[in-house]
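Whatever order the structure lists them in is the order used to number ligands and atoms, beginning at 1. Along the sequence shown, residues carry numbers from 1. Since we're looking at a predicted model, the values are computed, not measured.
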Amino acid sequence: MTHHPVPFRQFVLKVHSRCDLACDHCYVYEHADTSWRGRPRAASDEVLARTAERIAEHVSAHRLRAVHVVLHGGEPLLAGPVRLRRAAELLRAALPGDCTLDLRIHTNGVLLSREFCELFDELDIRVGVSLDGDRVANDRHRRFPDGRSSHAKVLAAVDLLRLPEFRHLYAGLLCTIDVENDPVAVYEALVALDPPRIDFLLPHATWDVPPKHPDGAGPTPYADWLLAVHDRWTEQGRPVPVRGFESIHRTLRGRSSLTESLGLDPADLVVIETDGSLEQADSLKTAYDGAPATGFDLFAHTLDDVARHPGMLERQSGLAGLSARCRACPVVRSCGGGLYAHRYRSGSGFDNPSVFCADLLKLITTIRDGAALPAPPAAPPAPLTEEQLLELASGHGGGPTVRALAAAQLGLTRRLLAAVAAGPSPAWDVLDELDGRAPGALDAVLAHPYARSWAVRCLQGEPGADLGGLAELAAAAAVRAGLPAELVLPVRGGAVHLPTLGRVLTGGSGEARLTVTADGFTVDGGGDRLRVRPDAPDAPDAPDAPGDGRWQPVRRIPLPGWTVALEDTDPQRDSHQWPAADRLPDPELTAWTADLRAAWELLGRELPGHLPGIAAGLSTVTPLRPGPAGRDISAAARQAFGAVGIARPTDPAILALLVAHEFQHVKLGAVLDFHDLYDAADDALYYAPWRPDPRPLEGLLQGTYAHLAVTEFWGARARTYDGAGGAAGDRARLQLATWRAHTAEAVETLIDSGSLTGLGRRFAVGMRAAVAPWLDAPVGAAAEAGARRAAAENLERWRARSPEQAAATGR
Ligand code: SF4
């Protein structure tokens, strides 16, 4: 075979080679291959470090933008938290900044604890759990060595992953089929656990050791079993993605498969054993002793060496690598001959159809003949617990709470996108493909704050918000993933835009053709052709390519514990109340960088409670044009979670204040998308002590919540000056006196409105408790008097502007 090897994008890292269960269907311990007996129990530090280096080397050599690493075993949790942390940290440290790492762990769940979940939250590791269905089904195989059931322990593990603080870690359930189990009962038991995805796996078997066929079950028990599940799944409106079914639906429409067990996509997976040996897919363990071995190891060989191994090449050769019968089969593009390991027969090796051939043929043709369009997904659950809401009410909210908000926002953006797309298109096909093959890269683009604001404007039919935006998002995600794609993009304002990455100045208008390859992209437009290799799109010093400055990357400012994009290329960023600034010239970029650093340090010193939330949820600062007469200008936008717009103030301390203030709006907006805090039918207007115009209830709630941070900011500043500080100290004390009074008064107005829901009232009581300590902070008589004056002046302005309301409320 002469074709080039496909680079690996999926790495299965065996962190522990033993298991605490003794499942009799396990391919590692119960099948032909016995190599586990000679392996070290856990991967050593040396193996982990070498793994990280080798993957990083492979990523750089092939300019990969995204890789998937699964921490596997045996049972990977047996490796313990220290080893798992080490594995994750070494990988993250070694990979280049522009490569997205999708890190997962596949566990039997028995040992999964809150401590492990907290670790996975910190290290961003998503968790897949093996579970074979209801108790009867699971106990058929998944038992401890002494025969005890593991079912209750696995359910407890899944319950942990379903908690709001860990939900974003829940990657899905993996279920190995046993045709003696009731298919609908198994399916229902899995769906009841609300997984984000289910994988049904055929049991491992070969022509030498065929799968079991119970008496009287007919010739295709596996197809019949899966079709019973498929019927129920379809009847229920496909409430959860089922990987095998989706792969069949996709391949029937000519798209890529989502699993190596179906379809013709080249295998791009390599296994790293605990001793550093490099092997082919684990499923080969079922074939014969030593089947997955390549003879290579991390210490002596590169991953490219393994990619050239004949066994690997054979699994990358598509149709040509299949048996004659498969090549002539009508469903070969969907089936692909099934899982490679299932084709094995002594004598002919892998040159056979799958041992499940009859089942695969029936499954695919039945689904093909009855294929229906997917039903819309069910409405999502509210993302936060009451405890988390009250944590936000008390003034800020930690990393897990803000990450839960971000995850819910991502889901919202995905649904909006589906509504905008409203059916197949070339851009939608690319997004769909990326969703299956590089979900991390896709999410990185869909989490862009202005993806949602574009989608909303599009649905509202606003000018400048058109379906070209879909192609821009698809292109950016394809570039991040390094997956080949061809798209037609709009030229807006003389540039082609790749949200989150940057823009290419092409000049002109109309459309340009964008071709994505593994190491960059080419833009053809206006009679010109530009090749761009955005080597490090996440790095602030990414080399502009081409060298004539026509590629303008989004610049990211790395700060301790927080990296923030200074968004000055995406036309959709003009989503705030004030106009966005143009592309920052270098001196202005330098000033922004220095000021953000100073502001972040100040926040760390004086408002440390706000840091984890900001780091978890504020991805983007959009520079705005300067305000009139030097006024400080800043804004958040309800449809742009994760972004704030700010005109750079002269004082970095004020930048810190504006960031904290606006991020309060960002968080509360995200809460209000999912949680009812007030009666939306209330159309009354209320007095806000900081504004001359009356405000609707939501406006008052938003202002109050933002001013909690303002109060805390000035309180912290006043404490820093501690009765001294000259004019700066006097200003801090006056501001504290003013804002604590405004905020406390507004909290009472909210509570007295009678229009808060029970939850909203508890939220407001939480805000009351947050402002209360500041009411006792000493500020001196002058500041008290100044604050009273400010309050009286505002009330006067309000009375003049809204006399009827003033009279009606007795003010
Ligand atoms: S259904 Fe059978 S013959 Fe057809 S591709 Fe699959 S394994 Fe090969």
**Request:** Kindly say whether Ser277 contributes a backbone atom to a donor-acceptor pair with the side chain of Asp297 at under 3.5 angstrom?
**Result:** no

**Asked** Close to atom 6 (Fe) of ligand 1, meaning under 2.8 Å, how many protein N, O or S atoms are there?
**Response** 1

**Partners passing side chain to side chain donor-acceptor pair (under 3.5 Å) against Arg126 (at least two apart in sequence or in another chain)** = none

**Prompt:** Where the side chain of Trp207 meets the backbone of Pro353, is there a donor-acceptor pair that is under 3.5 Å apart?
**Reply:** yes

**Prompt:** Is Arg232 paired with Glu235 through a side-chain N to carboxylate O contact shorter than 4.0 Å?
**Reply:** yes

**Request:** Calculate, to the nearest 0.5 Å, the distance between atoms CD1 and OG1 belonging to Ile367 and Thr234 respectively.
**Result:** 7.5 Å

**Prompt:** If you measure from the Lys or Arg side-chain nitrogens to the Asp or Glu carboxylate oxygens, is any gap between Lys14 and Asp275 under 4.0 Å?
**Reply:** no

